[in-house]
Amino acid sequence: MKKCFWLSGLLALGCLGISWAAAASAEDQKLADFFRQHLEEQLRQRPLLATELGDHRYDHRLDDISPSARARWKEDCRATLAALPQAVNYQALSRDGQVDYEIFRSSLERTLWLMENQDPWAEDPRVYNQYLNDSIYLVLAQSTLPRETNVSNAIARMAFLPQVVAEARRSLKHPPRVMVETAIRQNRGAINFYEKTLFDLVGRTPQLPRLKAAANAVLPVLRAHQQFLEQELLPRATGNWRLGRDKFSRKLELTLQTGWDADTLLQMAEAEFARVEQELYVVARQLWGVYFPGQVIPPDTPEGRRQTVALVIQRVGQEHGRPADLIKDARATVARIKQFITAADILQLPAPDRCQIIEMPEFQRGNAIAYMNSPPPLDPEATGYYAISPPPRDWPPERVKSFLEEYNQHMLQILTIHEAYPGHYVQHEYANRVPSLIRKVLASGVYVEGWAVYTEQMMLDQGFGAGDLRLRLNQLKFYLRAIANAILDHKMHCTAITDEEALAFLTRRAFQSEGEARLKIIRAQQSSVQLSTYFAGRMAMYQLRQNLQQAMGPRFALGRFHEAVLLCGPVPVKYLPELVRRQLQEKP
């Protein structure tokens, strides 16, 4: 899962050129100038957004999130959408300029729709946690400004946190219970951050007395917020988390931009799910004799095939490390994966490598096992973080065991391919060097997640793991999860499926552990459409690859195809066939 979204760094990636810059027109410059003006105003109004994107001019401030300020955000979006066709002549743009124009316009339309149809300020207390936690953590953990400047900015920003808590009290009405429960857990992590983790992160500093004073002022605010969440908000948390069929369908259309409506995507997912189920059975059948020597394989019936896969997955899952070694084990996989990428000419890896593997901060846990927070484009020399969440300390032993079986030594390699190499980290390093500011700021989540899922199978197809069937078993299981995400996303928001029915689907059909499945149900209840982006993006990437490979025949080179996809920037996938074909034709 990729965290955050992106802005521009106008650099080149080694010898890999970006071909569209030479074709830019005068009207393209008008579009670029108009977008920069819009972006500058957004960064001024939203200091946390600026920090996430790597612009540190506003790190000492925090957003005004009052109702009047939020109303201005909506009106600014509406006004920008109306002004765009007046400021830029679409017909006079180069083709790449037209693509950027369409991306910008579609983003404004989607943002406005979200503002008019969803109200997270009243319905989702986790929105406020981003200000209470990420606003300080990102300044200290990722900014490349001098450390003492970052410490000063963090101290200054902490003074705004009481306003965030006060606005949460005013605005939160009757949110869904599941969102409040997650906010409660995350706020406990925030309290721990200001008590201890903050000082571990900063280290020795002459500003330590000021830092401690600022943190000590925040702690009673957070403890009072915890009391509010637990004692006032939770009892009235009666909101409905389901988006509903009509809103889900429209949001999906605005987000995917693939031409597939909600029902079509569900049909595609269900067909692909059945295909991958069969592949899993074929692999599990080959492993049966390894793990169950002398035992008769279950009968070749629907239930017998399910039992075969489940039993082999359970046995392979025993090959795992210890909780204390999870981060160390993830680091160990990176060297092998990077070596293979280079040797097999999968693509040119970015240099220098700025990716670090860290333990996920406690206040960011609760939605996913891992995320990649890549160097932000306005601060592209910052460190990227591949964050992994170990099992929480308060989990009982049986739940920890289930977690480690789910993320065994084989699955951990697939996860690292997805999140880091050649998945999210590599993709975003390429994106940071694409000339188009619009393409990076308004990165398509379908492209981003689709690329990462596509790389999982591709790496094994090209020989990573030397044909290890245990690795293939986990890759297929991980991909089945992506498909299940889309099915679950649709059914959770468009039907009356119960938690028990969803749990049965994920554990019996998708072979997920109960702990993992319960977390996924919570995630589906706390989001909408995002879980569909993995499958939709992967299908678009895979279909493009197949079509080009067939069309080009012996001229097709896999590494050059991958680089061409990444050099387009994170555009909506509907543009990839056109842009990738041109990139491949124009490369020397």
Side-chain angles (χ1 to χ4, degrees), residues 266-320 333 337 340 344 346 405-418 423 450 452-488 504-513 516-517 520 534-539 541-543 545-546 549-550 558:
L266 177 63
Q267 292 168 7
M268 291 170 58
E270 290 176 334
E272 184 74 348
F273 194 95
R275 185 190 69 80
V276 176
E277 273 186 313
Q278 181 60 30
E279 282 201 31
L280 261 173
Y281 174 62
V282 171
V283 174
R285 192 169 57 191
Q286 295 176 74
L287 286 168
W288 178 265
V290 176
Y291 288 98
F292 301 95
Q295 296 187 38
V296 178
I297 193 169
D300 190 1
T301 64
E303 179 57 23
R305 290 192 289 271
R306 191 202 68 79
Q307 289 181 4
T308 301
V309 174
L311 286 168
V312 172
I313 284 176
Q314 194 276 334
R315 191 62 64 86
V316 172
Q318 305 307 308
E319 299 166 0
H320 61 73
T333 68
I337 292 172
F340 176 83
I346 299 299
E405 290 171 356
E406 184 77 16
Y407 293 98
N408 57 73
Q409 66 188 49
H410 313 291
M411 183 65 84
L412 197 56
Q413 295 178 72
I414 304 301
L415 186 66
T416 301
I417 288 170
H418 177 105
V453 177
Y454 160 81
T455 63
E456 299 159 14
Q457 176 182 325
M458 177 274 297
M459 286 283 285
L460 270 61
D461 287 350
Q462 294 307 117
F464 178 74
D468 188 336
L469 289 176
R470 299 167 300 174
L471 198 59
R472 178 65 77 179
L473 186 82
N474 279 275
Q475 179 264 310
L476 288 169
K477 180 188 171 187
F478 204 54
Y479 178 43
L480 196 68
R481 181 186 305 181
I483 307 168
N485 281 350
I487 297 172
L488 183 70
F505 166 66
L506 294 176
T507 55
R508 288 183 58 81
R509 293 284 308 280
F511 306 103
Q512 295 182 21
S513 68
E516 175 69 22
K520 185 57 61 68
Y534 300 86
F535 171 69
R538 184 269 180 191
M539 290 299 286
M541 294 275 182
Y542 190 75
Q543 289 175 5
R545 151 92 179 272
Q546 297 305 309
Q549 192 169 348
Q550 293 177 51
L558 186 63

Review point. Heavy-atom distance under 4.5 Å between the side chains of Tyr291 and Arg470, does that happen here?
Key: yes
Smallest heavy-atom separation, Pro298 atom then Trp288 atom, equals CD-CH2, 3.6 Å
CA sep, side-chain torsions, deciding dist, call: Lys477, Arg472, side-chain contact (heavy atoms from CB on, under 4.5 Å): CA-CA 8 Å; Lys477 180 188 171 187; Arg472 178 65 77 179; over 6 Å; no
The reported gap from CG in Leu471 to CG in Leu460 (rounded to nearest 0.5 angstrom) is 4.5 Å
The reported gap from CG in Asn408 to CD1 in Ile414 (rounded to nearest 0.5 angstrom) is 10.0 Å
* Asked: Taking the six-membered ring of Tyr542 as reference, does the NZ or CZ atom of Arg538 fall below 6.0 Å from its centre and within a 45° cone about the axis?
  -> yes
Side chains of Glu456 and Gln413, heavy atoms from C-beta outward: is any pair under 4.5 Å? no
Salt-bridged, Arg481 to Glu406, with N to O below 4.0 Å? yes
inquiry  = Is the shortest side-chain heavy-atom distance between Tyr479 and Glu272 below 4.5 Å?
reply    = yes
* Side chain proximity check, Tyr534 to Ile483, heavy atoms < 4.5 angstrom -> no
Here the pair of heavy atoms bringing Val276 nearest to Leu476 is CG1-O, 3.8 Å
| query | Is the cationic atom of Arg315 (NZ for Lys, CZ for Arg) positioned less than 6.0 Å from the six-membered ring centroid of Phe292 and within 45 degrees of its normal? | reply | yes
Here the gap from Met268 atom CE to Ile487 atom CD1, rounded to the nearest 0.5 Å, amounts to 11.5 Å
Applying ring-ring contact (aromatic ring centres under 6.0 Å, His included) to Phe535 and not counting sequence neighbours gives none
Considering only heavy atoms from C-beta outward, does the side chain of Gln475 approach that of Met411 to under 4.5 Å? no
Taking the side chain as everything from C-beta on, heavy atoms only, tell me whether Met458 gets closer than 4.5 Å to Arg545. yes
Under 3.5 Å, side chain of Gln278 to main-chain N/O of Ala274, donor-acceptor pair present? no
Heavy-atom nearest pair, Gln512 first then Ala517, reads OE1-CA, 3.8 Å
What one should report as the nearest heavy-atom pair of Leu480 and Glu277 is CD1-N, 4.3 Å
To the nearest 0.5 Å, atom CG of Leu506 lies from atom CD of Glu516 at 9.0 Å
Show which side-chain atoms of residues 279-287 pair as donor or acceptor with protein atoms under 3.5 Å away, not counting sequence neighbours.
residue : atom : partner : partner atom : Å
Glu279  : OE2  : Arg275  : NH1          : 2.4
Gln286  : NE2  : Val282  : O            : 3.3

Q) Is the closest side-chain heavy-atom distance between Leu473 and His410 below 4.5 Å? A) no
Closest heavy-atom pair, Leu558 versus Gln462, reported as atoms and distance to 0.1 Å, is CD2-CD, 3.4 Å
Pair His418-Met459, side-chain contact (heavy atoms from CB on, under 4.5 Å): steps then yes or no
CA-CA 10 Å; His418 177 105; Met459 286 283 285; over 6 Å; no
The reported gap from CZ in Phe478 to CD1 in Ile417 (rounded to nearest 0.5 angstrom) is 10.0 Å
Minimal heavy-atom distance between His320 and Gly317, with the atoms involved, is CD2-O, 3.1 Å
